[in-house]
Amino acid sequence: MSALTDSPAWKKLSAHKKSIEKRHMRELFADNAQRFDDFSLQAGPIFLDYSKNLMTDETMSLLFDLARQEKLETFRDAMFAGQEINFTEHRSVLHTALRGQSDTPILSQGKNVKPDIHAVLEKMQNFSEQVRQGKWLGYSGKEITDVVNIGIGGSDLGPKMVTHALKPFVTRKINMHFVSNLDGSQIAETLSKLSSETTLFIIASKTFSTSETMFNAVTARGWFVSRVKNKEFIKQHFVAVSTNTEAVQNFGIDKNNIFEFWDWVGGRYSLWSAIGLSIVIAIGMEAFKELLKGAASMDEHFSRAPLEENMPVIMALMGVWHNNFFAVHSHAVMAYDHYLGLFPGYLQQLDMESNGKHVNRDGETVDYCTGPVIWGEQGINGQHAFYQLLHQGTQAIPCDFLAALDSYNPGCGHHPVLMSNFFAQTEALMRGKTEAEAREEMTAQGLSEDEIELLVPHKVFAGNRSSNSILFKELDPYTLGALIALYEHKVFVQGNIWRLNSFDQWGVQLGKQLASQIQFDLVDNEPVVSHDSSTNGLINYYKRFRNIEGNKLLSCDNDWSSLQEIMEQEFENKS
Ligand code: F6P
């Protein structure tokens, strides 16, 4: 047993679970007419109803005890204060400082981070205004019409999700593109639509060494130089966002075109930093500041509200309850909002890269489940795809349902009908349908006794399936900022309960390491024998049947400058 599962608060929850698992939420609602009022709250623009979770007052009180036992408030305050809580990388975790509205100094390694934040924001503002107003001109004097953000992970998912979510606020004068995939098809498809005269590339990479991003950046540069035949023009068409200014300059980007950020901003928490440059170009600095303000309002709520009235804390504890005491290790996020279509994918990195870990802060292997599998979709599409499993499958997967009260495109009655589905689904998951109800329904439909007997087991819904409903007035920048910060803090709280460092990501290294070795195996067509039989077999199958011509660049071994020249030559030959 670990110290956590052996702790008083954990043991009390385990005992309590045995009594509550026999209850049905139908009864809990019938017993307490105030249940909705008791278990719902507003934090800034966000309303949360968590009453449709299998829990009682006692459950909540035991969960708050667990949070206190794990010194949640102390860890939270340490994060906001800039302490090096990411101890495996010796870093502060200060994405909250990027959106903080006060000028009170915040120190990371003894240095106030505020002046640098303001300076970069100002630089982003000046640059983005020039681009948006058509004053930043391409090499031939034309305005920028297309911006391509090249990045991956946090340098892609956040800006892409926000730009999509705030589409009604995005300028129609500039087309935004996001390229992350190392499959050359994505950049090829993107470039095929663009003109070198009017395209601006943002190379977004915290480390400026991520191979997916560097390959795509080199490809873009090769495409550009082969067309314009003058490397001087790179200045007007390439900018970079990075902590690694030296590598950016080695790549050939002008030092004035570097938007800096700092190692105390984690990749998956970086959309608030200069990584948000594509967002600022899309929606303008005023709207970006609203996004920051919305997030700051959630920071304020998280840092000040008592745990019992603290939205991120409550959402996190509900997750812990299902994951650790009901052994459901999956969590679904259902957006009833077209513009939140990329939100579940964004949350996957935020949550799974933060809390998908099997050792605690003391380096001990844990004996409890940590981060769940996060997945999701547009809810209305999911209803016609996988909701069958949510309603009648063998796992009771907890879900978050998200919707706006008002749509930017209400259509001809689309929105109320969409919302009727939103309300119906959580009700159906909670209530289910009893055998008696199913029989009654079929009798009313005039079905024969035999037919009823045949169908009744298939028509029963156990119900008692937990969900959170999250509502907001409309998806504007302020609200989106608050919503993202809500989930960031939820992830923080869960990581704290599970005694994890939520801010490193060593788990992504092994695959990267092996891939960089395997690149050498793929240079020629000689069979390899150095791996296990499966990996050898797959590599050798690939080598035997591939077209070697299309793979020759791999021999360059990440030497970006020679790769750039080869790329330029490649494009030259093709054109
Ligand atoms: O996937 C690992 C990771 O390091 C993420 O944490 C990060 O967001 C992504 O790669 C991209 O990293 P970079 O911005 O340094 O290119």
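Quantities reported herein were computed from a predicted structural model and do not represent experimental measurements. Read the numbers this way: they start at 1 and go in the same order the structure lists the ligands and their atoms.
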Is the ring centre of F251 less than 6.0 Å from the ring centre of F208? yes
For Q349, counting its heavy atoms only, list the atoms of ligand 1 lying under 4.0 Å from any of them. 5 (C), 6 (O), 7 (C), 8 (O)
Who gets closest to atom 6 (O) of ligand 1 by heavy atom: Q505, E353, M214? E353
Please check if any side-chain donor atom of T88 sits under 3.5 Å from a side-chain acceptor atom of W506, or the reverse. yes
The protein heavy atom nearest to atom 11 (C) of ligand 1 is I152 O, 3.2 Å
Given that the side chain starts at C-beta and the backbone is N, CA, C, O, which of these parts of V508 lies under 4.0 Å from ligand 1, counting heavy atoms, or is it both or neither? side chain
Atoms in ligand 1 with a heavy atom of G267 nearer than 4.0 Å: 8 (O)
For N86, which of H90, Q83, E84, E89 qualifies under side-chain hydrogen bond (donor to acceptor under 3.5 Å, both in side chains)? E89
Mind checking whether F238 and F224 have ring centres under 6.0 Å apart? yes
Check whether the ring centres of Y269 and F503 lie less than 6.0 Å apart, and answer yes or no. yes
First locate atom NZ of K71, then atom CD1 of I497, and finally report the distance between them rounded to the nearest 0.5 Å. 12.0 Å
If you have a sec, work out which protein heavy atom is nearest atom 4 (O) of ligand 1 and how many Å separate them, to one decimal? K512 NZ, 4.0 Å
When you measure from the heavy atoms of E212 to every atom of ligand 1, does any distance fall below 4.0 Å? no
Which atoms of ligand 1 are found less than 4.0 Å from any heavy atom of G153? 8 (O)
Any N or O of T213 that comes nearer than 3.5 Å to an N or O of ligand 1? no
Which residue owns the protein heavy atom closest to atom 15 (O) of ligand 1, what's the atom, and how far is it? T207 OG1, 2.6 Å
Which one of E290, E488, E300 satisfies the salt bridge (Lys or Arg N to Asp or Glu O under 4.0 Å) criterion with R99? E488
Geometric class of the H489/F80 ring pair [parallel <30°, tilted 30-60°, perpendicular >60°]: tilted
Measuring from atom 7 (C) of ligand 1, which candidate in S205, S180, G154 has the nearest non-hydrogen atom? G154
Numbered atoms of ligand 1 (with element) below 4.0 Å of T210, judged on heavy atoms: 12 (O), 13 (P), 15 (O), 16 (O)
